[in-house]
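Residue numbering restarts at 1 for every chain, and letters A, B, ... go by the order of the sequence lines.
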There are 2 protein chains.
Amino acid sequence: MSDNIKEPLFNLLHSVKRSLRQAIEVGDLGITPLHMRVLKIISLYNQKVTANDIVQKTLIDKAQLARLIKELIGLGYVSKLDNPHDKRSYYLGISGEGEQIVKQLRLAENRVNETMKMGLTDQEIADFVRLAKHMAQNLHDQD
Amino acid sequence: MSDNIKEPLFNLLHSVKRSLRQAIEVGDLGITPLHMRVLKIISLYNQKVTANDIVQKTLIDKAQLARLIKELIGLGYVSKLDNPHDKRSYYLGISGEGEQIVKQLRLAENRVNETMKMGLTDQEIADFVRLAKHMAQNLHDQD
DNA sequence: GTGGTTTAGATGATGATGTCTACTATAGTT
DNA sequence: AACTATAGTAGACATCATCATCTAAACCAC
């Protein structure tokens with residue numbers, strides 16, 4: 001029954017990515033959308049988040065994430081802090097420069113968000129998010 | 001003031017892709033998920049669809065698509081047919097082998113689809129798809 | 001018709017992202 | 001102490017997206 005959910009989903013994500021790339025002057029900052037995704041999380045949990053925490057949250061491959069963090073550190077947006085409870089890992093902190101970028105990023109994202117939500121009610125948006133999470137959970141449980 | 005739509009969307013797509021990859025024994029067929037996406041469309045509009053039509057439908061870059069089609073032809077799943085109305089383009093046809101693959105693919109996709117929909121009503125699914133299309137349209141109009 | 005512009009597709013280069021394997025160091029378990 | 005599991009790193013590779021450029025054909029204006 002029910003036609004394919006995948007195709008509209010693919011299309012939507014494709015459009016979101018394109019819009020975000022346009023909305024954000026990423027080139028100037030030397031970082032990619034994926035960097036920003038990580039940077040946002042570090043900003044949110046400043047000095048209280050480890051690389052592994054981010055892997056759990058985002059499902060980004062840990063090797064990939066190690067590279068991203070390394071690059072963010074190289075750019076001076078992020079720093080590592082010793083984790084006294086586990087010497088294998090470290091907490092991630094964000095610099096003032098990093099915060100500036102996150103701020104710009106949020107503005108750009110909000111613009112895209114608003115565009116995307118045009119003509120929809122808050123209830124519909126909330127439902128959409130709820131359903132997306134539900135479906136992701138279904139798939140996740142399957143593993 | 002709903003929070004970010006993007007993050008759950010990213011997560012969902014990521015999970016869907018992973019599940020699909022697992023569900024389908026892609027490696028054996030020598031093709032990628034993107035090939036399959038294209039092959040499905042060719043199967044649906046057999047001998048009545050051009051490369052450009054597929055670009056319109058999927059937003060896949062035309063350069064990328066040209067490569068995908070070339071590869072599908074190399075594998076014997078697809079063939080080009082002259083388009084009498086426009087010598088620049090051609091219609092795409094699918095072979096028996098190609099149809100076999102699409103058939104397997106549909107089964108695997110349906111399994112993933114069913115998993116994803118667990119615990120949701122048909123109405124919710126329909127709403128979800130409708131909202132996804134609506135948002136994609138919003139973004140598309142913005143260009 | 002001729003000439004200029006647009007469009008369909010092909011090709012090459014490059015960047016962004018995902019995935020896998022193997023490795024080191026540390027933690028946890030028995 | 002020995003074994004196993006986990007956090008992070010590094011390298012290799014595949015997939016996918018994007019861009020610039022090119023050819024041939026179509027279209028349009030005149």
*asked:* Check for me, please, whether B/Val38 and B/Leu44 land in the same ILVMFWY cluster - side-chain distances under 4.5 Å, paths through other members count.
replied: yes
*In terms of side-chain heavy atoms, does A/Glu114 have a donor or acceptor partner in A/Asn110 at a distance below 3.5 Å?*
no
*Between B/Lys70 and C/dG12, is there a side-chain N or O to OP1/OP2 distance below 4.0 Å?*
no
*Atom CG of B/Asp86 to atom C1' of D/dA24: distance rounded to whole Å?*
10 Å
*asked:* Taking donor-acceptor contacts at under 3.5 Å, does the side chain of B/Arg37 reach the base of D/dT15?
replied: no
*Mapping B/Pro84 and A/Ser89 to their closest nucleotides on DNA chain D, which lands nearer the 5' end?*
A/Ser89
_All side-chain hydrogen bond (donor to acceptor under 3.5 Å, both in side chains) counterparts of B/Gln64, not counting sequence neighbours_ = none
*Taking atom CG of B/Leu81 and atom CD of B/Gln47, what is their separation to the nearest 0.5 Å?*
5.0 Å
*Does some side-chain heavy atom of B/Phe10 sit less than 4.5 Å from a side-chain heavy atom of B/His14?*
no
*Which atom names give the shortest non-hydrogen contact between A/Asn138 and B/Lys117, and what distance separates them?*
ND2-C, 4.0 Å
_Whole angstroms only, please: what is the OH-P distance between B/Tyr90 and D/dA25?_
14 Å
_Expressed as a whole number of angstroms, how long is the span from B/Asp82:CG to D/dA24:P?_
17 Å
_Let's see if you get this right: which residues in residues 40-63 of chain B place a heavy atom under 4.0 Å from DNA chain D?_
B/Asp61, B/Ala63
*For B/Gln64 and C/dA16, give me the distance from atom CD to atom P, rounded to whole Å.*
16 Å
*Atom-to-atom span, CZ of A/Arg18 to P of D/dC16 - whole angstrom*: 18 Å
*In whole angstrom, what separates A/Leu20's CG from D/dT18's P?*
12 Å
*Do B/Tyr91 and B/Thr50 touch side chain to side chain, with heavy atoms closer than 4.5 Å?*
yes
*Residue A/Arg67, side-chain atoms from C-beta onward, closest of D/dA12, D/dC16, C/dG12*: D/dA12
*Relative to the 5' end of DNA chain C, which residue comes earlier, B/Ile69 or B/Arg88, by the nucleotide with the nearest heavy atom?*
B/Arg88
*Report which part of the nucleic acid B/Lys17 touches: base, sugar-phosphate, or nothing (heavy-atom distance under 4.0 Å, all strands).*
nothing
*asked:* Rounded to whole Å, please give me the gap between NE2 in B/His14 and P in D/dT15.
replied: 16 Å
_In this structure, how many angstroms lie between the C1' atom of D/dG8 and the NZ atom of A/Lys87, rounded?_
16 Å
